[in-house]
Participant: 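For reference, the structure I am asking about is given below.
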Amino acid sequence: MQQEVTLALIILLMLVADLFVKESNSKILRVLAYVLLVVQIAVNIVPAETSAFEGMYHSTQMASVVKTILSLGTLLVFMQADKWLGREDTSFKTGEFYILTLSTLLGMFFMVSAGHFLLFYIGLELASIPMACLVAFDKFRHHSAEAGVKYILNAMFSSGIMLYGISMVYGTCGTLYFADAAAALTGTPLQVLAMVFFFAGLGFKISLVPFHMWTPDTYQGAPTTVTAYLSVISKGAAAFALMSILMKVFGIMVEDWTLLLGIVIVLTITVGNLFAILQKDLKRFMAYSSISQAGYIMLAVMADSGQGVASLVYYVVIYIVANLAVFGVISSIEQHSGGKVERDDYNGLYKTNPRLTFVMTLALFSLAGIPPFAGFFSKFFVFASAFHTGFALEQTGYWVVVFIALVNTIISLYYYLLIVKAMYITPNDNPIPTFKSGVMERAGLSICLAGVVFIGLLSCVYQYLTDTALLSWVS
Amino acid sequence: MNILSLFVLIPLLMLLGLWIARSLNQVKGVMVAGSSALLVMAVYLTISYISLRSGGAEGEMLFVAEVPWFEPLNIKYSVGVDGISVAMLLLSAIIVFTGTFASWKLKPLTKEYFMWFTLLSTGVFGFFISTDLFTMFMFYEVALIPMYLLIGVWGSGKKEYSAMKLTLMLMGGSAFLLIGILGIYYGSGATTMNVVELAQQHIPEWMQNIFFPLVFIGFGVLGALFPFHTWSPDGHASAPTAVSMLHAGVLMKLGGYGCFRVAMYLMPEGLSMWGDFFLVLTTISVVYGAFSAIVQTDLKYINAYSSVSHCGLVLFALLMMTKVSSTGAILQMLSHGLMTALFFALIGMIYGRTHTRDIRQLNGLMRIMPFLSVGYVIAGLANLGLPGLSGFIAEMTIFTGSFQNPDTFHRVCTIVAATSIVITAVYILRVVGKILYGTCTNKEHLKLTDATWDERLAVICLIFAVAGLGLAPFWVSDMISGSVEPIISHLIH
């Protein structure tokens, strides 16, 4: 419970500070946000298993680790937001940005550590509604407002479907506690329907195909920093929540939901990849790329094992650093070049901004799963966990899904290489001029780069996650 | 510190040195120092390996060492070499060394070029020293991805297309490989990733039948297995000189090595089911590659198709499953690596002067650049298997060994494949006659100069190696056949 309490305190502090800090001094707010978030991470670095409200809130050690990871990711997002928030047209909203972002984070904390459907639902809404405000943050930009509307309508719709599913669980089991519901569920058709509805609701958050329609528009329209936040933190939290509820509550219907997942994974990865090839706008492109990445994350859910849990969290960690590195570069270039986000704008970038190009290249390689960068390891472990379950259950269907996912990595490599090609190979007479990015942006990118290079090579991260997963999920 | 780890450590230090280097001379200094150190290490390793073996050292692998890495999946950083890998390390070191000199005058972005080049070498060396499937696979992919930028940025012709095609096809192969590796690991009981230990485990036959073709094709793509060879001509033709050398000389050998050490060694029952099918494909590779080379007009394309044919011969000989033919296959890898590197180096040097690789526009070069031309003749003769040069030793061993397989089907394949010897002579002699002899009709070409010192150094090193292997093959073939023995005896006949 400590993590939620400290985070709520931080939000309150930021609210109060926002009242007293003058608009011209918004820098103070930014520094305050960094300091408080670092304190939040430092205080809660040791994972603990806690329970409260008679089991409505139940945080496993793994959930605690996930929350720390999400906080770290948010810190990185804040670092990238530095330049954007310092701009004249946004600096007067600095306080709101932090409060809204931290509120969604708090919502996600409740999502991953709920022990009761109601608390879970509240967490989900807390994570969704401020997010819509964030998406529409540049409210005078037409696209941003449009994206906000799309997001909120889709979010409400999927919440409705999910609530319907939850009500079916309540109707058949008479309880909303995870532990009691798990014991009462028997796998009747109505309960399977409940599971499917629930899955659909979260599938929206994770942007799995066919619930992905909002993703490209929202990602493109939202301010780049918010897009980055949406694509990693929000997605990571939802993926972990989906996994824990499927495993904990709907464990009895494991055959149904693995079949469902198998189909959704194949669709998600393939559709995400094929559409990504066609995109010219990099933010839209990253939207489709992140759809396909969600499919890979779901492979670990399909594994339904401790190994899968560890692989999922590991994947999320690496996905956070790699994707944030890419978005960091995109946002940096957007801020310094007057809003250039087309792939063609990146032609010849290597000549003028070799360092940014280098970061971008390594991050893209990591996303594509090329060793020795971290993405390779995370993909391997995700594949291994799904493959292992297929082997243990003697069901070759798992292998087929893994195989299709593997073939899809080649398609993804193609479009990631298109960007590398634009930056290094395609000639351009007027490349984006050389610029020097701010201290915080550079610090954020350096952390991401270090993550992309070292998280994979240092086995201790995976080892730690496996140990924690085995503690939390004794199956 | 284990001596083998130095083969990865030195390139990594070179990368660091290149990163720090500020001037062109510093970059070149780092490259020369590093690649010479690698060459010295490789020679030292070969000598100490042979002396250890003659001193009666037991064990399939020598110089073994391992460090646990990802323990939940039993992944270790484990290294070890047998005669095959020692031969391959020596080959790689020679080609990295000569490749450095072959790209001596490369511009622009020399520093970046050498960084990717070194990363590629890291992957190659790492692959050959690894005995752990996971690290092996990791290094394999590390060796592939730099190719994209090396060809895309510094290549010639339709480089963007070739680079993308090559990268996607090779990475596609590695997708097959990855699932194959998972199959091997879990099928064998998920206790180890070490190749030597895995060979002692038994993978269920039905799983072998599924995963053998996946792994074989996965590595086969890189070994130019028909019909997955199409990346090779385009890739080689567009790549800059040293990259072609390294790619045809060493990278394609990763394919054959992997087929032998991973696919065949670990899944013998899968091999007995699929062996004949792949034998047909490799036979097609051998003959088709040779025929295609005849009709090409671009020097690099000719050599690329010739590589398809010769690398096909490597896989062909491995699938014959006799001790002699497999020894021949490894010798062929070594020999082909050296002579193709020599070929590509010379073609690059000629192209750098004439700015064309079209054989219809080249003639009478012997008078103008005698050194390069003589080198070209030697490379050609080695390629068509003249006794005294390396090609003869390898092909002779292969065909003798192949004919030892008493099965009629295998013998028919051998006879078909043996026709490639004649076809090879046709395309080599055609080119030699066309571009080197006769009178030079192009006035521009008369002003050209012969090789400079850095080019001479690279060419002489390679000629020395080709001739050395041809004149004194016994030390290598003994070393190889001793290591082929345990693998072949593991297979089912």
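Lettering of chains follows the sequences in order, A, B, ..., and the numbering in each one begins at 1.
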Participant: So how far is it from B:Ser174 OG to A:Leu406 CG, rounded to the nearest 0.5 Å?
Facilitator: 8.5 Å
Participant: Begin with the C-alpha distance, continue with both residues' side-chain angles, and end with the deciding distance and a verdict on side-chain contact (heavy atoms from CB on, under 4.5 Å) for A:Ile370 and B:Met171.
Facilitator: CA-CA 9 Å; A:Ile370 307 264; B:Met171 292 311 260; 3.3 Å; yes
Participant: Could you tell me which of A:Phe373, A:Phe391, A:Phe383 has the largest number of non-hydrogen atom pairs under 4.5 Å with chain B?
Facilitator: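 Most heavy-atom pairs within the cutoff with chain B belong to A:Phe391.
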Participant: Roughly how far, to the nearest 0.5 Å, is the OG1 atom of A:Thr396 from the CD1 atom of B:Ile210?
Facilitator: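 Between B:Ile210 CD1 and A:Thr396 OG1, I get 6.5 Å after rounding to 0.5 Å.
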Participant: Look at the rings of A:Trp399 and B:Trp206 and say which category their plane angle falls in: under 30° parallel, 30 to 60° tilted, over 60° perpendicular.
Facilitator: parallel
Participant: Counting only heavy atoms from other residues, nucleotides and ligands, does the tally under 6.0 Å from NZ of A:Lys351 exceed 12?
Facilitator: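 At most 12 heavy atoms, drawn from other residues, nucleotides or ligands, come within 6.0 Å of this atom.
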Participant: Could you measure the distance from the CZ atom of B:Phe70 to the CZ atom of A:Phe377? Nearest 0.5 Å is fine.
Facilitator: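 Result: 5.0 Å between the selected atoms.
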Participant: Once rounded to the nearest 0.5 Å, what's the spacing between atom CD of A:Gln307 and atom CG of B:Leu73?
Facilitator: 5.5 Å
Participant: Looking at B:Thr167, B:Leu168, B:Ile181, B:Val153, which has the largest count of heavy-atom pairs under 4.5 Å with chain A?
Facilitator: B:Leu168
Participant: Of the backbone (N, CA, C, O) and the side chain (C-beta and beyond), which part of B:Glu71 lies under 4.5 Å from a heavy atom of chain A, both, or neither?
Facilitator: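 Answer is both: backbone and side chain atoms of B:Glu71 are under 4.5 Å from chain A.
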Participant: Find the one option among A:Thr426, A:Leu457, A:Leu417 whose heavy-atom pairs under 4.5 Å with chain B are most numerous.
Facilitator: A:Leu417
Participant: Heavy-atom distances under 4.5 Å only: say whether B:Met169 touches chain A with side chain, backbone, both or neither.
Facilitator: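 No part of B:Met169 comes within 4.5 Å of chain A.
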Participant: Only pairs of heavy atoms separated by less than 4.5 Å count here; which of A:Tyr462, A:Phe380, A:Phe403 has the most with chain B?
Facilitator: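 With the most close heavy-atom pairs to chain B, the winner is A:Phe380.
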Participant: Quick one, A:Lys379 with B:Leu178, criterion side-chain contact (heavy atoms from CB on, under 4.5 Å). Give me CA distance, side-chain angles, the key distance, then yes/no.
Facilitator: CA-CA 11 Å; A:Lys379 280 219 166 77; B:Leu178 183 72; over 6 Å; no
Participant: Rounded to the nearest 0.5 Å, what separation is found between the OG1 atom of A:Thr361 and the CG atom of B:Leu149?
Facilitator: 7.0 Å
Participant: At a 4.5 Å cut-off on heavy atoms, which part of B:Leu119 comes close to chain A: side chain, backbone, both, or neither?
Facilitator: neither
Participant: Once you round to the nearest 0.5 Å, how far does OH of A:Tyr424 lie from OH of B:Tyr148?
Facilitator: 11.5 Å
Participant: Evaluate ring pair (Phe, Tyr, Trp, His ring centres under 6.0 Å) for B:Trp116 paired with A:Phe358, printing each intermediate quantity in order.
Facilitator: CA-CA 12 Å; B:Trp116 290 110; A:Phe358 183 69; 7.8 Å; no
Participant: With no hydrogens and no angle check, is any side-chain donor or acceptor of A:Ser459 less than 3.5 Å from a backbone partner on B:Trp69?
Facilitator: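 Flag set: sc A:Ser459 to bb B:Trp69 pair under 3.5 Å.
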Participant: Hey, mind stepping through A:Phe376 and B:Glu141 against side-chain contact (heavy atoms from CB on, under 4.5 Å) and telling me if it holds?
Facilitator: CA-CA 10 Å; A:Phe376 167 73; B:Glu141 289 212 337; 3.9 Å; yes
Participant: Once the angle between the rings of B:Tyr186 and A:Phe387 is folded into 0 to 90°, is it parallel (under 30°), tilted (30 to 60°) or perpendicular (over 60°)?
Facilitator: parallel
Participant: Taking all non-hydrogen atoms of both residues, which atom of A:Thr466 and which atom of B:Pro72 are closest, and how far apart?
Facilitator: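 Heavy atoms only, the tightest pair is OG1-CG, 3.7 Å.
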Participant: Closest heavy-atom contact between B:Ala175 and A:Ile410?
Facilitator: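 In this case the closest contact between B:Ala175 and A:Ile410 is CB-CD1, 4.2 Å.
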Participant: For B:Ile179, is it the side chain, the backbone, both or neither that has a heavy atom under 4.5 Å from a heavy atom of chain A?
Facilitator: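 Both backbone and side chain.
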Participant: Test side-chain contact (heavy atoms from CB on, under 4.5 Å) on A:His388 and B:Leu182 and set out the steps.
Facilitator: CA-CA 8 Å; A:His388 188 186; B:Leu182 290 173; over 6 Å; no
Participant: By a 4.5 Å heavy-atom criterion (distance strictly below it), what part of B:Met138 contacts chain A: side chain, backbone, both, or neither?
Facilitator: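 It is both, since atoms from each part get that close.
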Participant: Using non-hydrogen atoms only, which part of B:Ile75 is less than 4.5 Å away from chain A: side chain, backbone, both, or neither?
Facilitator: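 When you check distances to chain A, only side chain atoms of B:Ile75 fall under 4.5 Å.
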Participant: Is chain A contacted by the side chain of B:Phe211, its backbone, both, or neither, given a heavy-atom distance below 4.5 Å?
Facilitator: side chain
